[in-house]
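Before any comments, here is the structure.
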Amino acid sequence: MKKTTAAITAVNGWVPEFRLTNVELEKMVDTTDEWIQTRTGIVERRILQDKTKASSDMGAEAVKGLLKKANIGPEEVDMLICTTVTPDMLFPATANIICEKVGIRNIASFDLNAACSGFLYALTVGARMIESGAYKKVVVVGSDKMSSIVNYTDRTTCVLFGDAAGAILLEPNHEGLGLQDALLKSDGTGKDLLRQKAGGSLNPATVETVMAQEHYITQEGPKVFKFAVTKMADAAEEIMLKHGLKGDDIAWLVPHQANKRIIDATAQRMNLPEDRVMVNIQKYGNTTGATIPLCLWEWEDKLHKGDNLIFAAFGGGFTWGSALVKWAYDPK
Ligand code: ACO
């Protein structure tokens with residue numbers, strides 16, 4: 001029998017209804033629709049307005065829809081990994097809470113934090129669990145309520161992020177489809193350039209940390225941009241070279257959606273035309289752990305069995321990487 005690989009067998013996404021447009025942001029901070037569109041590609045982003053709801057609620061909606069699409073019950077899932085930088089709380093893990101909300105019990109569930117590269121990391125971990133033979137149905141969900149850590153008086157960050165969740169189901173495959181390879185990287189020297197400074201063990205919440213606004217995300221955008229634009233393209237190119245693939249061999253680039261210019265630079269390095277690059281940043285902004293599964297959800301009807309997909313991401317840490325995935329099913 002052929003080696004067991006881990007294939008994506010279902011995808012789903014969930015986005016809140018409320019749209020925060022660039023025009024609305026013009027009234028909140030010193031910015032313009034023109035600046036945001038030309039520098040980032042973003043037109044609007046979704047915001048979870050209900051203060052009683054958190055990342056787990058969005059994640060649970062994405063997972064419930066995923067199980068429905070896959071026609072399986074919660075009792076059949078044997079592992080759930082949630083990637084998020086906006087957990088409901090530091091512990092218990094948001095993955096545990098999603099399971100509780102979906103009715104999944106007595107399985108392995110945990111959070112994985114690799115910032116905007118989280119989905120790539122979680123996909124790889126989930127796939128390795130399937131390949132080991134120990135697990136048969138692994139759910140990977142990226143869910144981020146970025147609006148809970150965004151400072152809506154800081155124009156350098158508030159225009160970038162949105163709220164959403166995306167989920168995939170991984171199952172064993174014996175036709176060689178699914179995850180072929182992943183290159184995962186990190187460099188902690190980037191730790192001060194993109195972060196939420198307070199709320200952890202280094203700077204626990206105090207009146208002072210709140211007054212200093214240290215519970216919000218901060219980013220030295222142009223410095224991060226320089227790393228991101230090079231590293232994401234490097235990772236995509238490296239995995240193509242490793243597998244002897246040229247632009248023509250790739251059906252789709254599925255990039256993390258942080259900035260349209262970073263996506264364009266990656267596609268250019270891969271020799272891919274625009275019409276083979278998944279881009280929905282204009283509608284959702286940067287939804288951190290959810291960007292890649294949201295793209296797969298939106299493009300699912302255009303994907304065919306055997307298609308070569310390159311996933312690529314860059315995020316806080318720094319973390320970055322790429323994955324080569326052979327799509328496992330035709331449009332349903
Ligand atoms: N409106 C108007 N002006 C702004 C805005 C805004 N919303 N935001 C910043 N500016 C200003 C800055 O204050 C700065 O002004 P100054 O030169 O007077 O100091 C200037 O614009 C900087 O402009 P650019 O040089 O054009 O900045 P850049 O091209 O780098 O674009 C951006 C900024 C969009 C933030 C970009 O740097 C970026 O996308 N960075 C990378 C983001 C990323 O990939 N993050 C990793 C993933 S996120 C995660 O892991 C959670």
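Every number for a ligand or one of its atoms is a count from 1 in the order of the listing. We're numbering straight along the sequence, starting at 1.
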Does CD in Q213 sit with more than 12 non-hydrogen atoms of other residues, nucleotides or ligands closer than 6.0 Å?
yes

Does only the side chain of V29 get under 4.0 Å from ligand 1, or the backbone, or both, or neither? Count heavy atoms.
neither

Heavy-atom contacts with A258 under 4.0 Å: which atoms of ligand 1 show up? List them by number with element.
43 (C), 44 (O)

Under 4.0 Å from a heavy atom of L194: give me the atoms of ligand 1 that qualify, with their elements.
46 (C), 48 (S), 49 (C), 50 (O)

Are there protein heavy-atom neighbours of atom 1 (N) of ligand 1 below 4.0 Å?
yes

Please confirm whether R261 makes a cation-pi placement over F225, using NZ or CZ under 6.0 Å from the six-membered ring centre and within 45° of the ring normal.
yes

Count the heavy atoms of every other residue, nucleotide or ligand shown that sit under 6.0 Å from CG of N106, and state whether that count exceeds 12.
no

For atom 22 (C) of ligand 1, which of G221, A313, G316, P222 has the closest heavy atom?
P222

Other residues, nucleotides, ligands: >12 heavy atoms within 6.0 Å of Q268 CD:
no

Do side-chain atoms of T206 reach the backbone of T209 as a donor and acceptor pair under 3.5 angstrom?
yes

Which of the atoms of ligand 1 are close to I262, meaning less than 4.0 Å from one of its heavy atoms?
44 (O)

Atom 17 (O) of ligand 1 protein-contacted (non-hydrogen atom, under 4.0 angstrom)
no

From the candidates K260, Q219, Q257, Q196, the one that places a heavy atom nearest atom 45 (N) of ligand 1
Q219

Ligand 1 contact by M146, heavy-atom criterion under 4.0 angstrom
no

Do the ring centers of W327 and Y329 come within less than 6.0 Å of each other?
yes

Is the shortest N/O to N/O distance between R39 and ligand 1 below 3.5 Å?
yes

So, is T32 polar-close to ligand 1, with some N/O to N/O distance under 3.5 Å?
no

protein heavy-atom neighbour closest to atom 49 (C) of ligand 1 works out as C116 SG, 2.5 Å

List the steps and the verdict of side chain to side chain donor-acceptor pair (under 3.5 Å) for T86 and D144.
CA-CA 5 Å; T86 50; D144 271 297; 2.6 Å; yes

Does an N or O from T40, backbone or side chain, lie closer than 3.5 Å to an N or O of ligand 1?
no

Can you pull out the closest protein heavy atom to atom 20 (C) of ligand 1? Residue, atom name and distance to 0.1 Å, please.
W35 CZ2, 4.6 Å

Per-atom contacts of ligand 1 with A115, taking only distances under 4.0 Å to non-hydrogen atoms:
50 (O)

For atom 6 (C) of ligand 1, grab the closest protein heavy atom and report residue, atom and distance to one decimal in Å.
T31 OG1, 3.3 Å

State whether the shortest distance between N or O atoms of H256 and N or O atoms of ligand 1 falls below 3.5 angstrom.
no

Any idea which protein heavy atom is nearest atom 31 (O) of ligand 1, and the distance to it?
R261 NH2, 3.3 Å

Going by side-chain heavy atoms closer than 4.5 Å, which hydrophobic residues are tied to V207, directly or by a chain of links?
M211

contact_flag K223 ligand 1 heavy-atom lt 4.0 Å:
no

Identify which one of N113, N96, I97, T94 satisfies the side chain to side chain contact (heavy atoms under 4.5 Å, CB included) criterion when paired with C82.
T94

Quick check against the 3.5 Å criterion: does N173 have a side-chain atom that pairs as donor or acceptor with the backbone of T5?
no

F225 contact mode with ligand 1 (heavy-atom cut-off under 4.0 Å)
both

Atom indices of ligand 1 within 4.0 angstrom of N286 heavy atoms, with elements
47 (C), 48 (S)

What residue and heavy atom of the protein are closest to atom 13 (O) of ligand 1, and at what distance?
R155 NH2, 3.1 Å

So does D234 pair up with R269, basic N to acidic O under 4.0 Å?
yes

Enumerated ligand 1 atoms positioned under 4.0 Å from heavy atoms of V159
7 (N)

Assess the residue pair N12 and L169 against the criterion (side chain to side chain contact (heavy atoms under 4.5 Å, CB included)); give the C-alpha distance rounded to whole Å, side-chain angles, the decisive distance to 0.1 Å, and a yes or no.
CA-CA 9 Å; N12 195 40; L169 178 66; over 6 Å; no

Can you pull out the closest protein heavy atom to atom 39 (O) of ligand 1? Residue, atom name and distance to 0.1 Å, please.
N259 ND2, 2.7 Å

If you scan the protein for heavy atoms around atom 51 (C) of ligand 1, do you find one that is closer than 4.0 Å?
yes

Is V85 in contact with ligand 1, taking contact as a heavy-atom separation below 4.0 Å?
no

Pairing donors with acceptors under 3.5 angstrom, does anything connect the side chains of K246 and N271?
no

Spell out, as yes or no, whether a donor-acceptor pair under 3.5 Å connects the side chain of S55 to the backbone of K145.
yes

